[in-house]
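Notes for the one structure printed next.
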Amino acid sequence: MDIQGVLTTKVKEAVNSIFHIKLESVEFQPTRKDFEGDITVVIFPLLKVIKGNPQVIGEQIGDYLVENVEEINRFNVIKGFLNLVIDDSFYINFFNSIKSDESYGLLTPDPKSKAIMVEYSSPNTNKPLHLGHIRNNLLGYSVSEILKAAGRKVYKTQIINDRGIHICKSMVAYQKFGKGETPELAGIKGDKLVGNYYVKFDKTYKSEIETLVAEGIEKKEAEQSAPILLEAQEMLRKWEAGDEEVVSLWKTMNQWVYDGFETTYKNLGVDFDYLYYESNTYLLGKDVVAEGLKRGVFIQKDDGSVWCDLTDEGLDEKIVLRSDGTAVYMTQDIGTAIQRVKDHPDVGGMVYTVGNEQDYHFKVLFLILKKLGYDWADNLYHLSYGMVDLPSGKMKSREGTVVDADDLMLEMTQTAREISEELGKLEGYTKTEKKELHKMIGLGALKYYILKVDPKKRILFNPEESVDFAGNTGPFIQYTYARIQSILRKADFDYSTIISAEGYQLHQKEKELLKQVQLFPEVIQNAAENYSPAFIANYTYDLTKEFNSFYQSIPILGVEDNIQKIFRVQLSKKVGDVIALSFRFLGIEVPERM
RNA sequence: GGUCGCGUAGCUCAGCUGGAUAGAGCAUCUGCCUUCUAAGCAGACGGUCCCACGUUCGAAUCGUGGCGCGAUCACCA
């Protein structure tokens, strides 16, 4: 069925029979729209082994192919390009083979193959989620779905950074100013409440520094000796010592945050299979480091600190344990990775969705795990993505210059409602249905906006200019899907008949659409190999554009010929299916109407 | 300074395992709703693909050297 495979063989055969030369490979590309043809053989590379004029060589191969390959009708040669015209029957047969296949494009997982664990989100528990987390979440979730579609077994996970000085800051501020406030009493989400105290801490801290400086103390000194900071440090010591009061407050406030996060995740449509808490895993890496030291993977310095020498790899030495024996960030990540494989022995690789400011950290982490000799260490991937910046610069929670995740989702939904109401196409929909639809569209716009760009690229997000709903956007694709569903609702006849390739002549628009549908499985594989939802987004856009052109150029339900009508409805349905599937990989829902 | 990433139309981005005249959307301007949803379609306008050199029949794509932007080079996480 794979035309390229067939052609490769046949072109080799042709070259062998005409020139008596064995070819290694043949280069194909889709024919440019300005020329007649569907697939093109590039002749230039052949000139290295075949002496002669590319025009003549092309024609000779073309003649042979028309003679010997059933699917090829005719050809033309322009410069060094051999354009082949494929017979309609090939496309129709292809379509018949996939039209009822609901898992078209998907690979079923090999039960023996190893699972892959995808980590994403991994927030601190002292402030609400913001736009940066949204990018992280969408990427991690989407890549998980894409990997599944490509036949991988996937576990979604996150590590929750629930310990450390940053948590204590919120806790201290709450103790000082909280007066027993709770999310219920304040009527706000728990993560927002805790976030407020984090900001409050920072304000107090800054004013204390000012006071100290006014009293004539050096700024650096003041920064280190501000009373509220000392209190936070004291609290961290108490926490590590298991102080009951502190631990109890920690538990209460963390729970508020988890509840708040849960709401945000639910709205965003992401979820996790397994959770890891830093408070449970931060000590794990120490044993591994001790063992690695024994085996000579690490070296110990005079002060007792332990290091990994990576100078052979062109990097520096990296600390894995402090001189006082406590764990650093790296220690914890080593431990967590190993723990995950212990918990889930079928895991054979991991994907870490973390911003690109940590490129170096993960490079080192992966090297260390490899040095420690874990076989899965070859299958680690850092899904590194660029920051989301505002026109005013970086987002900083402490300074309140963030785009809050909940607020943004709400705004997108409201914009969707305004547009939708203006167009007024939802007659007969209940309030609830409309509300759901507006959310679907608003989030569709947001998710597509973020996922369509290459993860590596930095995104500049301007809250003043709202995310578009027209053009290359989520709603555009959702709209096309709704159009297709409308056609299917109106097609009140049996369109399940298989259209015979015999005697059916494809309209140009039908053919272009079929070619686009044909690309789908390959796109999924590419997206999975590159860990890039952007591949899926861009493909879906191309497919959608092609469909809209088809839709506006030729009648579907209105066409005279019954066979044509059935075929076009079938084709429309298939395009709708592919759109829905693609969007599912992006975590975007598609509407019946809009 | 070393390392990594990015640099394509006024703006946002595709294209990057080398191929024909570099593609979309937004914005600006023209047409198209008494036929299947106009959140649409068709068209116009808009380009030193950051610069230079090199490899090649052929370079936005590969290599080297620059320039610009960002990140990173903590006994912070």
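Not measured: the values here are computed from a predicted model. The sequence lines fix the lettering, A, B, ..., with proteins before strands; numbering per chain opens at 1.
Shown here, B:A74 forms no base pair; nothing in the strands shown gives a Watson-Crick or G-U wobble contact with both key distances under 3.5 Å. Here B:C32 sits opposite B:G40 as a Watson-Crick or G-U wobble pair (both hydrogen-bonding atom distances under 3.5 Å). Searching all strands for a Watson-Crick or G-U wobble partner of B:U55 with both distances below 3.5 Å returns nothing. The partner of B:U61 is absent, by the rule that a Watson-Crick or G-U pair needs both atom distances under 3.5 Å. With a cut-off of 3.5 Å on both pairing distances, B:U48 has no Watson-Crick or G-U wobble partner at all. Base pairing analysis places B:U12 opposite B:A24; the two distances defining the Watson-Crick or G-U wobble pair are each below 3.5 Å. B:G68: Watson-Crick or G-U partner is B:C6, with both key distances under 3.5 Å.
The side chain of A:Arg458 lies closest to B:G70, out of B:C6, B:G70, B:A20. Minimum atom distance to the side chain of A:Asn356 is reached by B:A71, of the listed B:G19, B:A77, B:A71. Of the candidate nucleotides B:A77, B:A74, B:A20, B:A20 has the atom nearest to the side chain of A:Thr31. For A:Ile78, counting side-chain heavy atoms from C-beta on, the closest listed nucleotide (B:A20, B:A74, B:A77) is B:A20.
Atom NZ in A:Lys457 sits roughly 17 Å away from atom C1' in B:A71 (whole-Å rounding). Rounded to a whole Å, the CG atom of A:Leu390 is 15 Å from the P atom of B:U12. Atom-to-atom, OH of A:Tyr385 to C1' of B:C4 comes out at 17 Å; the value is rounded to the nearest Å. In this entry the distance linking CD of A:Glu357 with P of B:C76 reads 18 Å, nearest Å. A:His382 places its NE2 atom 16 Å from the P atom of B:C4, with the value rounded to the nearest Å. Atom CG in A:Leu367 sits roughly 14 Å away from atom C1' in B:C4 (whole-Å rounding). Rounding to whole angstrom units, OH of residue A:Tyr448 and P of B:C13 are separated by 13 Å. As a whole-Å value, the separation of A:Ile334 CD1 from B:A77 P is 13 Å.
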Protein-proximity profile, nucleotides 57-62 of chain B, B/S/- by nucleotide at the 4.0 Å heavy-atom cutoff, equals B-----
If the sugar-phosphate is the primed atoms plus P, OP1 and OP2 and the base is the rest, what is the B/S/- string for nucleotides 25-41 of chain B, using protein heavy atoms under 4.0 Å? S----------BBSBBS
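No hydrogens or angles considered: nothing links the side chains of A:Asp162 and A:Thr125 as a donor-acceptor pair under 3.5 Å. A:Gln508 and A:Glu512 form a side-chain donor-acceptor contact under 3.5 Å, judged by distance and modelled atom types alone. Side-chain contact annotation: A:Thr480 with A:Asn548, donor-acceptor N/O pair under 3.5 Å present.
Comparing the C1' positions of B:C76 and B:G23 gives a spacing of 46 Å, expressed to the nearest Å. The C1' atoms of B:C13 and B:U30 are separated by 26 Å, rounded to the nearest whole Å. For the C1' atom pair drawn from B:G46 and B:A27, the interatomic distance equals 11 Å after rounding to whole Å. Nucleotides B:A77 and B:G70 are separated by 27 Å at their P atoms, to the nearest Å. The gap from the C1' atom of B:G58 to that of B:A22 amounts to 15 Å, rounded to the nearest Å. Nucleotides B:C11 and B:U56 place their P atoms 37 Å apart, quoted to the nearest Å. With P as the reference atom, B:A39 and B:U34 are 15 Å apart, rounded to whole Å. Taking atom P in both B:G63 and B:G7, one finds a spacing of 14 Å when rounded to whole Å.
The side chain of A:Arg322 places an N or O atom within less than 4.0 Å of a non-bridging phosphate oxygen (OP1 or OP2) of B:A77.
Take the nearest nucleotide of RNA chain B for A:Phe35 and for A:Lys363: the residue whose nucleotide is more 5' is A:Lys363.
Counting non-hydrogen atoms under 4.0 angstrom, A:Asn83 reaches a base of the nucleic acid. Among the heavy atoms of the strands, none lies under 4.0 Å from A:Asp389. Using a 4.0 Å heavy-atom distance criterion, A:Asp454 is classed as a sugar-phosphate-only contact. Base engagement by A:Phe81 is indicated by at least one non-hydrogen atom pair under 4.0 Å involving a base atom. Within 4.0 Å (heavy atoms only), A:Thr326 reaches no atom of the nucleic acid at all.
The pair A:Lys127-A:Asp191 does not meet the salt-bridge criterion, since no charged nitrogen lies less than 4.0 angstrom from a carboxylate oxygen. Taking a cutoff of 4.0 Å between a charged side-chain nitrogen and a carboxylate oxygen, A:Arg237 and A:Glu234 qualify as a salt bridge.
Among residues two or more places apart in sequence or in another chain, the ring-ring contact (aromatic ring centres under 6.0 Å, His included) test is passed with A:Tyr276 by none. In this view, A:Tyr352 and A:Phe362, A:Phe366 satisfy the ring-ring contact (aromatic ring centres under 6.0 Å, His included) rule, not counting sequence neighbours. Residues satisfying the side-chain contact (heavy atoms from CB on, under 4.5 Å) test with A:Val26, not counting sequence neighbours, are A:Thr8, A:Val11, A:Lys12, A:Leu23, A:Phe28, A:Val41.
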Show, in sequence, the C-alpha distance, side-chain angles and deciding distance for A:Thr353 and A:Asn136, and conclude whether the side-chain hydrogen bond (donor to acceptor under 3.5 Å, both in side chains) test is met. CA-CA 6 Å; A:Thr353 314; A:Asn136 180 303; 5.2 Å; no
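Listed by first and then second residue, the salt bridge (Lys or Arg N to Asp or Glu O under 4.0 Å) pairs involving residues 37-50 of chain A are A:Asp38-A:Lys511, A:Asp38-A:Lys515 (not counting sequence neighbours).
B:C4 adopts an anti glycosidic conformation, its chi angle falling more than 90° from 0.
Between A:Lys509 and A:Ile554, the shortest heavy-atom distance links the atoms CB-CD1, 4.3 Å.
Relative to the ring axis of A:Phe493, A:Lys565 places its NZ or CZ within 45° and under 6.0 Å from the centre.
Among the candidates A:Phe550, A:Tyr551, A:Tyr495, the single residue satisfying the side chain to side chain contact (heavy atoms under 4.5 Å, CB included) test with A:Arg568 is A:Phe550.
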